[in-house]
S.K.: 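Pasting a structure below so you can have a look.
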Amino acid sequence: MYKLLIIGATSAIAQATAKVFAERHPKDLALFLVARDGQKLEAMAADLKVRGAITVDFAVLDLNDFEQHQSVIQQAVQKLGGLDTVLIAHGTLDDQQACEQDYQHAEQCLRTNFLSVVSLLTPIANEMEKQHYGCIAVISSVAGDRGRQSNYIYGAAKGALNTFLQGLRNRLHRSHVHVLTVKPGFVDTPMTAHLKKGALWAQPESVAVGIYQAIQKRKNEVYLPWFWYGIMTVVKNIPEPIFKRLKM
Amino acid sequence: MADNYESWGRFPKVSQRIIPLSWRHEPLPLPDDAAIPILVQGVGRSYGDVCLNDGGVIFSARGLNRYIHFDAETGRLCCEAGVTLADILTLCVPQGWFLSTTPGTKFVTIGGAIANDVHGKNHHRAGTFGNHVVQFELLRSNGERLLCSSDSNPQLFAATLGGLGLTGLITWAEIQLKPIAHRAIQAETIQFYDLEEFFTLSVESDAPYEYTMAWVDCNSQGRSFGRGIFFRGNHIAAEDAPKTWKVSKRTLTMPMDLPGFALNRHSVAAFNFLFYHQQSQKSVTKLVDYNPFFYPLDAVLRWNRLYGKQGFLQYQCVVPYTDHRIIAAIIQKIVDSGMGSFLAVLKTFGQVASPGMLSFPKAGVTLALDFPIKGAQTFELLEYLDDMVVEANGRVYPCKDARMSPKNFKHYYPQWETFAQQVDPSFSSSFWRRVTR
Ligand SMILES: Cc1cc2nc3c(=O)[nH]c(=O)nc-3n(C[C@H](O)[C@H](O)[C@H](O)COP(=O)(O)OP(=O)(O)OC[C@H]3O[C@@H](n4cnc5c(N)ncnc54)[C@H](O)[C@@H]3O)c2cc1C
Ligand SMILES: NC(=O)c1ccc[n+]([C@@H]2O[C@H](COP(=O)([O-])OP(=O)(O)OC[C@H]3O[C@@H](n4cnc5c(N)ncnc54)[C@H](OP(=O)(O)O)[C@@H]3O)[C@@H](O)[C@H]2O)c1
């Protein structure tokens, strides 16, 4: 039985990824979902059962409630009887202007997008280190590759997350635990519902397939869709004296 | 998939605000201005403007794509309204269940199939899609959630089946599937030389064959007038099921819009000639997968781009079959015009009563074909056909329409005022405003 824990499970990308797992592991998937909305979790659990998951359990938790992290991970490990893969998907694209005006906002953004993941990965990493196998996949963002005026608080959280995951990968390598950093570009999900869509936009379903494949291939880092690798290589290589003058 | 929320015919062009829906339990995200009309869209496979809302808001139901329950013993499936028939087949066929009836494309949502009360090749046996809908939940703009079935809110149930999305949002639905032994269809194709022969084949096939329909040439005059190919088939029985079966997953995508001149009288006539002569014998029997049998057009994704950016019109009517001369006269008119396109589909509808107030199918013979838009003359021709259909006491299918007049709509659907009482006051569509003007 493939044991999968998804945190921030109701995110559009996570939902689509769960469906890919159900399809690729028919009658061989045990799921544990964590998110803050019980009704959404119920809808999702019923769907995944019809799609062939053997068991789907869930816990309702606001992930900014750090005190509960340890126990919710324990609960998941117990229910599943171990962890093959953990996917962490929650996040918020906070309003940049609000973050600039009010530090409370900025801090909230950093808590949700960075600190909560560190807190969750503390017991998860220790568990997997003990197990000597497993995969930790975390959804970061291309926004973490370079700070830009339009979203640098969110970008800073994702950038810090990238650095954290690099270190964690380095640490867990000798325990045979695989750490995957997922860097999506623009994805058409509720998080970006207010933005105008163009040619660069991807659907969560295609990103989900990319995540699944990167997990299977034990990739360290993946840009989704792949062309973001090229875009970000260019963006990262623009010299700072020029970059600081650009409107991005 | 058309991702710009156009309709399949890409005509008319509209400007509308898109709001995606994600969760069935959430309230409708109504616009602040209550005067702005709202409408739900499935995946926009309707040809005309029933799924468009010019100047209004479109709630996209694509995100409501979760299953709720499937009982593999009884074939009852309950799912959210944005689940597509393609999804359902992927789930259910390996477990021995098939759609009780299906339109000619599987890329439609269950909400759309209900709202147009769609029909398939087995109408003479199974009736419409609505005949297999057990119940659904309707979310009205005032926030009310109503369980609708033949027992619960029967008026709204009947108004919503074929109700063109005007009665509210269908959040989820429960349908009855039918058991099959295998995914293959025992299919036969038979050439016929004229319409008389079509009607003879129809009459003799309706009892022994679950699925029947024909393709008729709407381009040839004289001796070739009314020629075509008749398709009939049955699900294969358990004892005849093949041991091994290979499923082709190949699809092509139409990469771009063709320029308007690509489709002209000559290319269409050539296509029809080749199509008609694809088999040298009078009749061929084959075991085929359900996909090419039911969904031949789905093999080319976005084939609507064939008609170029300006889009096209589809025309589908039904006339009673008491008198074969009516359908012959309609086809004659189309042949004379030289404006019809590739495939004209001809099929007889059976006696099963349609469950929806505004459902299109009724006993008779139905003809459907595409018309590239060639200016005013195309519209004039269709208007002329409309009048012939009125005369014959027939109907034109709203789901394919982008131009019928209010006068003719009210002729075809005299019950429209009774229906209008069930319409949600905040819901409207480009179609509805046009035909009730
Ligand atoms: C190649 C092809 C072949 C076809 N063959 C057939 C055929 O054989 N027989 C047939 O009958 N039709 C046929 N059709 C038409 C098609 O089956 C219908 O147009 C179908 O309703 C499209 O479903 P959709 O999900 O795209 O809905 P849309 O086109 O997006 O919407 C259709 C209607 O449903 C309403 N609606 C959609 N979802 C909801 C919801 N959740 N709640 C309330 N209202 C909703 C919309 O408001 C609209 O009025 C064919 C179409 C194509 C492109
Ligand atoms: N969409 C993009 O363009 C894009 C691009 C790059 C990276 N990403 C990243 O992809 C991931 C998934 O996002 P998405 O695009 O799928 O958007 P989404 O559907 O809006 O998902 C975000 C999820 O995070 C959850 N969440 C936020 N705060 C939470 C909290 N305090 N406690 C529990 N759950 C919380 C939300 O829960 P509720 O459903 O309850 O609100 C929601 O399910 C995020 O990490 C995002 O940063 C997205």
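In the text below, chain A, chain B and the rest are named by the order of the sequence lines, each starting its count at 1.
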S.K.: Within a strict 4.5 Å, meaning less than it, do heavy atoms of the B:I68 and A:V50 side chains meet?
M.R.: no
S.K.: Can you pull out all donor-acceptor pairs below 3.5 Å that join chain B and chain A?
M.R.:
residue	atom	partner	partner atom	Å
B:N65	O	A:R51	NH2	3.2
B:N65	OD1	A:K19	NZ	3.2
B:R66	NE	A:Q15	OE1	3.1
B:R66	NH2	A:Q15	OE1	2.9
B:Y67	N	A:D47	OD1	2.7
B:Y67	O	A:D47	N	3.4

S.K.: Please enumerate all residues that pass salt bridge (Lys or Arg N to Asp or Glu O under 4.0 Å) together with B:D289, with sequence neighbours excluded.
M.R.: B:R183
S.K.: For the interface with chain B, which of A:A43, A:A45, A:A193 has the highest count of heavy-atom pairs at distances below 4.5 Å?
M.R.: A:A43
